Amino acid sequence: MAGLNHGRSFKRFKEEKFPNEEGVFYSEVSKKWVVRMENKSINKTKYPFVSVAQFETELEANQKYKEIKKQF
């Protein structure tokens, strides 16, 4: 049985290109601030950085980034 998308491509995920670095970036697609961190899982060669959270304001995103960075 096929997944929920039934094999369709989601164009919105292909349109946006985030920089390959950690930090806080504004997403034009979701219109939110995105926190990106280094990927520490098995598939890090394919996806070296992953988006971990989205926020309405840049201040909230920066606070979360600092909080996550402090843990590692």
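These numbers come from a predicted model, not from an experiment.
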Visitor: For Gln54 and Ser27, which I'm curious about, is there any donor-acceptor pair between the side chains at under 3.5 Å?
Guide: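 No, no side-chain donor-acceptor pair sits under 3.5 Å.
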Visitor: After noting the C-alpha distance and the side-chain angles of Lys64 and Glu67, does the key distance pass the salt bridge (Lys or Arg N to Asp or Glu O under 4.0 Å) rule?
Guide: CA-CA 5 Å; Lys64 185 64 173 180; Glu67 179 184 315; 3.4 Å; yes
Visitor: Would you say the side-chain atoms of Lys46 pair up with the backbone N or O of Asn43, donor to acceptor, closer than 3.5 Å?
Guide: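 No; judged by distance alone, with no hydrogens or angles, the pair does not exist.
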Visitor: Is there a donor-acceptor pair under 3.5 Å between the side chain of Asn39 and the backbone N or O of Tyr47?
Guide: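 Yes, the answer is positive, given that a donor and an acceptor are paired below the 3.5 Å cut-off.
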Visitor: Nearest 0.5 Å please: distance from the NZ atom of Lys32 over to the CD atom of Glu58.
Guide: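 Going from the NZ atom of Lys32 to the CD atom of Glu58 covers 16.0 Å.
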Visitor: Which heavy atom of Ala61 sits nearest a heavy atom of Val35, and at what distance?
Guide: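 Taking every non-hydrogen atom into account, O-CG2, 3.5 Å.
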Visitor: For residues Tyr26 and Trp33, establish whether the separation of their ring centroids is below 6.0 Å.
Guide: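 When the ring centroids of Tyr26 and Trp33 are compared, they turn out to be within the sub-6.0 Å range.
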Visitor: To the nearest 0.5 Å, what is the distance between CZ (Arg36) and CG (Asn20)?
Guide: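 If we round to the nearest 0.5 Å, Arg36:CZ and Asn20:CG are 6.5 Å apart.
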Visitor: Would a 4.5 Å heavy-atom cut-off, applied to side chains only, mark Val24 and Val34 as touching?
Guide: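 With C-beta onward as the side chain, the pair stays apart.
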Visitor: At what distance, to the nearest 0.5 angstrom, does CD of Gln71 lie from NZ of Lys66?
Guide: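 If we round to the nearest 0.5 Å, Gln71:CD and Lys66:NZ are 15.0 Å apart.
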Visitor: What distance do Asn62 atom CG and Lys69 atom NZ have between them, rounded to the nearest 0.5 Å?
Guide: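 It comes to 13.5 Å.
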Visitor: What are the two closest heavy atoms between Glu22 and Tyr65, and how far apart are they?
Guide: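 What the structure gives for the nearest pair is OE1-OH, 3.5 Å.
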